[in-house]
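Here the structure comes first, spelled out in structure tokens, and everything after it is commentary.
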There are 2 protein chains.
Amino acid sequence: MIEVLRNHIIARLGNDLDNLDKVLSNFKHITTKRNEQLLQQGDTCKYVYFIAKGCLQVYVYDKDYNETTRDIVIEDNWCSELQSFGSGKPATENIRTVEPCELFAIDRQSFQKMMETVPQFDKVYKQILEASYANSVYRINTFVSLSALDRIKWLMEYRPMIMTRLSSKLIASYLGINKDVFSRLKAQL
Amino acid sequence: MIEVLRNHIIARLGNDLDNLDKVLSNFKHITTKRNEQLLQQGDTCKYVYFIAKGCLQVYVYDKDYNETTRDIVIEDNWCSELQSFGSGKPATENIRTVEPCELFAIDRQSFQKMMETVPQFDKVYKQILEASYANSVYRINTFVSLSALDRIKWLMEYRPMIMTRLSSKLIASYLGINKDVFSRLKAQL
DNA sequence: CGTGAATGATGACAAAAGTCTACAATTTCA
DNA sequence: TGAAATTGTAGACTTTTGTCATCATTCACG
């Protein structure tokens, strides 16, 4: 299973990395069931997760305690609450598994050590950050300008796997649409 | 005016920087009127701007050619279209001044050179990226879960200067609210 | 400093999205 | 596998948001 992570890194940095095995040894393999809580808001985010298999939900609660999903992250991607992870401050977001998962987790101390001793690891971090940021920007721009129906169409175009693989409830909370409305709109496509 | 930039960097990295003047020499001072176009979508974003004075708007167009504002950036902050700037690909966003501005611009080549030769500059870049990302995450989480009225309240709380300093039209497009609706809701606060 | 253009406010109406209830379908896990 | 829980669909209704037209106000700029 660690091969997925190995290939992920090689794909980004090439396979001329002396230290790749050293880097990989810093990751802890975690197998989870579905609906496991990886991070609770208020706690410090201790890990950056690489998802070898499965799917994670990053979410917050609105004032009526409804979940609103900031991000849905599938295999071959990274997931964390970088604000909290980087600063050690309490997290403002929650993370849970929405499917059984195979994860590789690296803690803050190892992460820092890798950043300092393996220059390429620093590059990977920048790539994660840049990709996360690009994703957010894209999401804001579509979100602010599109109607509920157009957001659904956008999701089918941009992340079709999400539409077929996950529950309507989750998708609706990702799109910022009430689940009843989502059900109605989906029917009229 | 370059003092603003100098102080900004010192505040983040301390003033024990041998190379600070060398770094600053890479920035071009630009004075603008209001409503000047700094970046047009489709073009490559050539600069990262530091705003010493004034205010920039980062925006896109929806399908009816209405502006939707992804970000409003005021003095003592950085602004760019990092996706395009980093990759050289066409920008998906537009940037314009909404006030007369004093800017310091650094082009891609100088930026790369500084990243490689001045380790602290790399740190500044990471800080810009992290701050931009944090800002986006915050924006998504409030945006998805709040009603139009609550978004206005949020803005008054979180970025009060925006409310008093800029036009309703601009604020409405930042909040993703129709300007007529914005006017009505503001009246009932 | 005056004027033309841009911005802001408001009312009437239309459309979109949210809420609630009930029930059917599906899924989970013991 | 089968019962309990969760999820999905649908209709009736409410609330929120958007649109359009009009007029007042403010602001930018020569």
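Looking at heavy-atom distances under 4.0 Å, A:Ser183 makes contact with a base. Contact annotation for A:Lys33: no contact, since no heavy-atom pair falls under 4.0 Å across all strands.
Here the side chain of B:Arg34 is nearest to one of D:dC29, D:dG8, C:dG18, namely D:dC29. For B:Lys169, whose side chain is taken as the heavy atoms from C-beta onward, the closest listed nucleotide among C:dG8, D:dT7, D:dT19 is C:dG8. When distances run from any side-chain atom of A:Ser168 to the nucleotides D:dG8, C:dA17, C:dT19, the shortest one goes to D:dG8.
The distance from atom CD1 of A:Ile177 to atom C1' of D:dT16 is 16 Å, rounded to the nearest whole Å. Here D:dT7 presents its C1' atom at 12 Å from CZ of A:Phe182, a figure rounded to the nearest Å. Taking atom CD1 on B:Ile171 and atom C1' on C:dA9, their separation rounds to 15 Å, with Å as the unit. Rounded to an integer number of Å, the gap from CG of B:Asn66 to C1' of D:dT17 is 14 Å. Rounding to whole angstrom units, CD1 of residue B:Ile152 and P of D:dT16 are separated by 13 Å. One atom, CG of A:Asp180, and another, C1' of D:dG8, lie 9 Å apart when rounded to the nearest Å. Rounded to whole Å, the distance from CG on B:Leu189 to C1' on C:dA9 is 15 Å. Distance B:Glu99 CD to D:dC27 P: 13 Å, rounded to the nearest Å.
Of the two residues near DNA chain D, B:Asn35 and B:Asn178, the one whose nearest nucleotide lies more 5' is B:Asn178. Of the residues near DNA chain C, B:Lys179 and B:Arg184, the one whose nearest nucleotide (by heavy atom distance) lies more toward the 5' end is B:Lys179. Between B:Leu146 and A:Leu166, the residue anchored nearer the 5' end of DNA chain D, judged by the nucleotide with its closest heavy atom, is A:Leu166.
Shown are A:Tyr158, A:Phe143, A:Tyr133; of these, the ring-ring contact (aromatic ring centres under 6.0 Å, His included) with A:Tyr138 is made only by A:Tyr158. Of the residues listed (B:Thr97, B:Thr69, B:Asn94), the one engaging B:Gln57 in a side chain to side chain donor-acceptor pair (under 3.5 Å) is B:Thr69, and it is the only one.
Looking at B:Lys126 and A:Tyr125, their side chains never bring a donor and an acceptor atom within 3.5 Å of each other.
Aromatic rings of B:Phe111 and B:Phe121 (six-membered ring for Trp) have centroids within the 6.0 Å cut-off, being under it.
Listed pair B:Lys186 / C:dG8 fails the phosphate criterion, with no side-chain N or O lying under 4.0 Å from OP1 or OP2.
Distance alone, capped at 3.5 Å, is enough to place a donor-acceptor pair between the B:Asp107 side chain and the B:Ser110 backbone.
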